[in-house]
Amino acid sequence: MCGIVGYCGPKAAAPVLLEGLKRLEYRGYDSAGLSVCVDSKVEIFKRAGKIHDLREVVPEDLPGTHGVGHTRWATHGEVTDKNAHPHVSADRNIAVVHNGIIENFSSLRSRLTEEGYVFESDTDSEVIAHLIQKFYQGDLERAVKQALGLLKGTYGVVCMHAGEPGVLVGARHGSPLLLGVGDNEMFLASDVTAVLAHTKQVIHLEDGEVVRVTAADYTATDLRDRKIEKEVETIGWELEEIEKNGYEHYMEKEIFEQPDSIFRAMQGRIDQENATGHLGGLNMSRGELLDVQRVRIIAAGTSYYAGMVGAYVLENMARVPAQAELASEIRYRNPIVERNTVYFAVSQSGETADTLSALRELQRKGARVLGICNVVGSSIPRESDGGVYIHSGPEIAVASTKAFTSQLTAFYLFTLLIARMRDMSLEAGVSFTKELARVPDTVREVLSRADEVRRVAERYYQARNFLFLGRGINYPVALEGALKLKEISYVHAEGYSAAEIKHGPIALINEETPSLFIVPDDGLRDKVISNMKEVKARRGPVIALGVDGDNELADIADDVLFVPKTDELLYPYLMVVPLQLFAYYAALKLGRNVDQPRNLAKSVTVE
Ligand code: F6R
């Protein structure tokens with residue numbers, strides 16, 4: 001969603017801000033802007049459209065060494081130049097960039113309008129600039145705090161004042177903000193990717209914290225002026241990880257990175273000798289693990305589908321009742337929190353508003369919530385009671401790929417851990433861990449067949465409707481395959497349990513609606529084959545995604561893709577990769593913006 005970058009230091013601010021905004025592009029946005037303080041004047045440049053549109057209106061030699069920049073993903077007000085950030089106060093001395101939603105903006109706007117403030121935009125954010133002006137008496141930080149005290153909703157905000165050159169004030173409440181500490185230069189950003197080219201030293205702000213920043217120094221306080229000591233953390237990501245490194249798109253790079261990212265997620269966490277998982281961050285004693293009687297998983301989108309696979313594996317291998325639920329639903333459902341239940345909040349970004357709110361609601365009710373997250377230092381891992389970092393490295397493409405397979409890894413490891421404390425024998429554990437450890441190699445083998453997937457995708461890319469069908473543990477994989485296709489190619493796709501089509505969706509089948517069936521060699525294979533025949537009998541084109549050596553598939557399906565053989569419970573890893581590739585190649589052929597599909601944002605920090 002929206003992105004923020006702020007800079008103060010010795011360099012010209014505009015190029016630093018433009019570069020930071022470019023790094024934030026991946027989050028999804030529809031307009032961009034920046035403001036730099038030049039000769040005690042706040043200069044504003046903003047444009048609906050892309051960063052290159054903004055670049056065209058920013059003078060190349062713009063002086064000024066402190067400023068703020070923003071990428072906007074519209075919530076209140078259309079995508080126009082005037083609604084882009086930064087927003088300025090009526091006296092044009094204050095510039096503000098804001099992420100989040102101000103829920104009481106309309107009453108604040110009416111009050112300010114009555115007091116004579118003239119609004120230039122339709123956004124909720126503009127009220128912040130006018131409120132700061134209202135309270136300003138020579139101290140930006142003070143005025144910002146007074147203004148924030150009146151806001152209801154969420155914000156990550158950065159402000160500057162023409163009369164205080166070299167000073168930025170940032171604050172956070174429900175929308176991420178971090179401080180990048182450089183060598184006599186400082187950055188404020190909503191996302192570490194915006195500062196990684198300059199520094200790896202960062203300070204994550206917590207909700208309710210305000211930071212006043214100059215090139216050489218910073219002070220963190222709360223809204224009541226109490227000083228807060230902050231710890232500087234070193235980011236483990238490398239700059240190369242946020243570059244395309246020769247790939248055409250981030251999505252392609254991230255799909256092909258999966259052998260490595262899965263390996264990183266399992267590295268040091270498989271205890272081969274005892275055939276169990278080793279997860280240091282759970283903060284649970286052996287006794288507490290033994291007492292777990294139920295697992296509930298909360299997440300959104302792709303992370304939710306990974307959670308569905310996780311629930312299946314937990315029930316099947318560890319015989320622990322487990323269920324995945326949409327975070328957006330559970331948070332308003334007044335959930336019943338039972339004893340000996342462990343909750344997992346699964347999120348690549350660690351910032352998804354629905355998942356974070358569900359976590360908080362569950363914790364309020366006394367639940368133990370563990371996080372399964374990628375972005376280190378993000379809100380969910382910071383607020384959870386323990387958990388697992390999946391170490392996928394930065395996921396830049398909006399469509400999630402490598403995070404999914406690493407989230408699976410976290411679930412397999414947790415399952416192994418508690419299954420081995422229960423009924424799973426050493427022998428069964430040894431055989432499973434061996435196969436699990438082989439997954440990076442088998443995924444590499446699947447990726448080596450990418451051209452076959454490309455060929456099939458290029459044959460079907462013009463279809464306007466698609467069905468993805470799977471059963472059992474591969475049912476969530478079918479859902480994920482449909483999600484990938486629809487979000488990046490804008491082709492309507494539905495994921496269904498193959499068994500369910502006869503209860504309705506089979507009515508959609510005709511010569512123009514292809515169905516992709518996931519057909520592993522498990523106990524449900526023959527049932528899925530019957531479902532395939534039902535579709536074929538109605539002249540529906542069929543693509544089968546099966547296992548090496550399953551020669552019968554070619555007799556039924558129009559096209560067949562194969563993956564290598566593995567343990568029945570591990571097929572989600574191997575089946576999802578061709579589906580990611582299928583969506584990628586179809587979207588390419590359709591000429592879509594693969595990395596930044598329309599209307600979507602990378603981390604959904606608003607409800
Ligand atoms: C799909 C996708 C989204 C996210 C969802 C949750 O490709 O990217 O569906 O999976 O918004 O995001 P996280 O995992 O960051 O909580």
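First listed ligand is number 1; within each ligand, the first listed atom is number 1.
Paired with R382 under the rule salt bridge (Lys or Arg N to Asp or Glu O under 4.0 Å), one option of E206, E351, E233 passes, and it is E206.
For a threshold of 3.5 Å applied to N or O pairs, the pair formed by Q407 and ligand 1 contains no separation below that value.
Within ligand 1, counting atoms from 1 as listed, the ones closer than 4.0 Å to a heavy atom of A399 are 7 (O). Counting the atoms of ligand 1 from 1 in the order shown, those under 4.0 Å from a heavy atom of E487 are 1 (C), 2 (C), 7 (O). Near K484, meaning under 4.0 Å from any of its heavy atoms, are these atoms of ligand 1: 1 (C), 7 (O). The ligand atoms of ligand 1 that sit less than 4.0 angstrom from a heavy atom of S303 are 10 (O), 13 (P), 14 (O). In summary, the atoms of ligand 1 found under 4.0 Å from a heavy atom of S347, numbered by their order in the structure, are 13 (P), 14 (O), 15 (O), 16 (O). When each atom of ligand 1 is checked for a heavy atom of Q348 under 4.0 Å away, the hits are 13 (P), 14 (O), 15 (O), 16 (O).
Panel note: side chain Q348, backbone N374; no donor-acceptor pair is recorded below 3.5 Å. Within the 3.5 Å criterion, the main-chain N or O of C2 finds a donor-acceptor partner in the side chain of N99.
The neighbour count for E78 CD, taken as heavy atoms of other residues, nucleotides or ligands under 6.0 Å away, does not exceed 12.
In this pair, Y155 and H173 present their aromatic rings tilted. The plane angle is within the 30 to 60° band. Using a 30° and 60° split on the angle between ring planes, F582 and F468 fall in the perpendicular class, above 60°.
The nearest protein atom to atom 12 (O) of ligand 1, hydrogens excluded, is given as T352 OG1, 3.4 Å; this is a heavy-atom distance. Here the heavy atom of the protein found nearest to atom 4 (C) of ligand 1 is T302 N, 4.0 Å. Nearest to atom 15 (O) of ligand 1 among the protein's heavy atoms is S349 OG, 2.7 Å. Ranking protein heavy atoms by distance to atom 11 (O) of ligand 1, first place goes to V604 CG2, 4.1 Å.
When A300, A403, G350, A306 are checked for heavy-atom proximity to atom 6 (C) of ligand 1, A300 turns out nearest. The nearest non-hydrogen atom to atom 8 (O) of ligand 1, considering only N374, V398, T355, V346, comes from V398.
At a heavy-atom distance under 4.0 Å, no atom of E351 approaches ligand 1.
Both cation-pi conditions hold for K50 and Y29: the charged atom is under 6.0 angstrom from the six-membered ring centre and inside a 45 degree cone around its axis.
Under the 4.5 Å side-chain criterion, counting only non-hydrogen atoms from C-beta, E494 is not in contact with F466.
To the nearest 0.5 Å, atoms CG (D354) and CG (L359) are separated by 12.5 Å.
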